[in-house]
> 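Structure in structure tokens, see below.
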Amino acid sequence: SLNVIQSLLRALSKLRPMPMLDTDLLISLASDFNTWHEVISMLEHQYCIFKANSSVETLKYRDKLLAVIRHCYDELGESDISLALACDSCNLPGTEWAVSLDIYGQVNESVAEFSRLIERAEEGHISSQPSEEELSLWESRWVELHRGL
């Protein structure tokens with residue numbers, strides 16, 4: 001049966017324009033009242049609005065939204081969706097390839113690709129330096145994949 005918070009979030013998500021609720025509040029509601037799907041829907045709606053408006057002012061909040069959405073999917077055990085979303089904040093083409101290999105279970109190939117990306121970044125052989133989020137993704141996936149070997 002639906003709980004009151006689920007009903008409230010579903011009603012809010014149907015409003016246009018949808019109200020912008022604080023991400024910390026939404027995460028708290030999701031974890032306390034098991035409203036992950038409703039919260040994801042609201043966060044994704046906010047993300048699409050901010051993605052369409054790619055001004056410098058909104059970039060930081062958009063990245064925060066993406067991290068919160070990824071957290072929600074991680075909590076639901078949807079790591080592949082979370083990884084795919086991580087590519088949205090990455091700039092270097094090799095990242096998408098390494099993540100694709102990871103998602104499709106090609107562990108050895110993915111480890112090799114993440115290793116190559118990390119080495120190239122450390123040696124300065126990449127045209128532009130990876131963002132902090134992108135470098136963190138490489139390192140965390142490299143460690144996680146090694147644990148699974």
Side-chain angles (χ1 to χ4, degrees), residues 1-115 117-118 121 128-149:
S1 77
L2 291 177
N3 65 43
V4 174
I5 301 301
Q6 279 180 318
S7 298
L8 174 66
L9 291 175
R10 285 181 181 177
L12 289 173
S13 69
K14 293 181 186 212
L15 296 175
R16 294 296 180 261
M18 184 186 302
M20 301 289 284
L21 299 177
D22 181 69
T23 56
D24 294 329
L25 170 66
L26 289 172
I27 290 298
S28 178
L29 292 173
S31 66
D32 292 348
F33 298 96
N34 194 26
T35 56
W36 293 106
H37 297 286
E38 292 80 8
V39 166
I40 288 171
S41 174
M42 294 181 80
L43 291 169
E44 287 177 340
H45 180 79
Q46 287 182 24
Y47 182 74
C48 288
I49 290 170
F50 280 96
K51 188 172 181 178
N53 178 8
S54 61
S55 68
V56 175
E57 299 85 34
T58 62
L59 186 60
K60 188 171 184 166
Y61 186 70
R62 189 182 84 197
D63 289 343
K64 180 181 179 181
L65 277 173
L66 187 60
V68 171
I69 294 168
R70 290 188 61 218
H71 169 76
C72 290
Y73 280 114
D74 288 338
E75 287 294 319
L76 290 173
E78 297 288 349
S79 58
D80 288 347
I81 295 173
S82 177
L83 279 174
L85 286 171
C87 289
D88 210 25
S89 64
C90 297
N91 299 322
L92 300 174
T95 302
E96 289 183 4
W97 176 244
V99 168
S100 292
L101 293 169
D102 188 358
I103 289 172
Y104 289 113
Q106 298 177 1
V107 176
N108 292 327
E109 295 85 349
S110 183
V111 166
E113 189 63 26
F114 282 119
S115 296
L117 287 167
I118 292 168
S128 64
Q129 285 299 316
S131 66
E132 189 175 310
E133 294 84 11
E134 194 163 7
L135 190 55
S136 175
L137 173 68
W138 295 351
E139 292 170 349
S140 66
R141 291 312 305 153
W142 185 87
V143 168
E144 190 66 32
L145 289 165
H146 271 284
R147 285 185 187 151
L149 289 176

> Scan residues 5-54 for pairs that pass ring pair (Phe, Tyr, Trp, His ring centres under 6.0 Å), counting only residues two or more places apart or in two chains.
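Matches after skipping sequence neighbours: F50-Y61.
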> Do the side chain of S100 and the main chain of E96 share a donor and acceptor less than 3.5 angstrom apart?
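Yes, S100 side chain to E96 backbone: donor-acceptor pair under 3.5 Å.
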> Any chance the side chains of S82 and D74 put a donor and an acceptor closer than 3.5 Å?
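Present: a donor and an acceptor within the cut-off.
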> Please report the closest heavy-atom contact between S89 and S131, naming both atoms and the distance.
O-OG, 4.1 Å
> Quick check for you: to the nearest 0.5 Å, what is the distance between Q46 atom CD and M42 atom CE?
7.0 Å
> Should R147 and E144 count as an ion pair when the cut-off is N to O under 4.0 Å?
yes
> State the CZ-SG distance between R62 and C48, to the nearest 0.5 angstrom.
11.0 Å
> Would you indicate whether the side-chain heavy atoms of V143 and E139 approach each other to under 4.5 Å?
no
> Could you check if a side-chain atom of H71 sits within less than 4.5 angstrom of a side-chain atom of L43, using non-hydrogen atoms only?
no
> Is the shortest heavy-atom distance from the side chain of L76 to the side chain of I81 under 4.5 Å?
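No, their side chains stay 4.5 Å or more apart.
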> Will you find, in the side chains of E134 and T95, an N or O donor that is under 3.5 Å from an N or O acceptor?
yes
> For residues 11-21, dump all side-chain donor-acceptor pairs below 3.5 Å to protein atoms at least two apart in sequence or in another chain.
residue : atom : partner : partner atom : Å
S13     : OG   : L9      : O            : 3.4
S13     : OG   : R10     : O            : 2.8
R16     : NH1  : S13     : O            : 2.7

> To the nearest 0.5 Å, what is the distance between CG (L26) and SG (C72)?
8.0 Å
> Taking atom CH2 of W138 and atom CD of E113, what is their separation to the nearest 0.5 Å?
9.5 Å
> As an exercise, state the distance from CG of D102 to CG of L145, rounded to the nearest 0.5 Å.
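Atom-to-atom, D102:CG and L145:CG are 4.5 Å apart.
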> Under a 4.5 Å cut-off applied to non-hydrogen side-chain atoms, are L83 and L137 in contact?
yes
> For A98 and S110, which heavy atoms make the closest approach, and how far apart are they?
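Heavy atoms only, the tightest pair is O-OG, 3.1 Å.
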> Side-chain contact test, heavy atoms from C-beta onward, threshold under 4.5 Å: evaluate it for T35 versus N3 and give yes or no.
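SC-SC contact between T35 and N3 confirmed.
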> For D32, check side-chain contact (heavy atoms from CB on, under 4.5 Å) against everything at least two apart and list the hits.
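side-chain contact (heavy atoms from CB on, under 4.5 Å) list for D32, sorted by chain: S28.
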> Between CG of L85 and CD of E78, what distance do you get to the nearest 0.5 Å?
11.0 Å
> Is any side-chain heavy atom of E133 less than 4.5 Å from a side-chain heavy atom of L66?
no
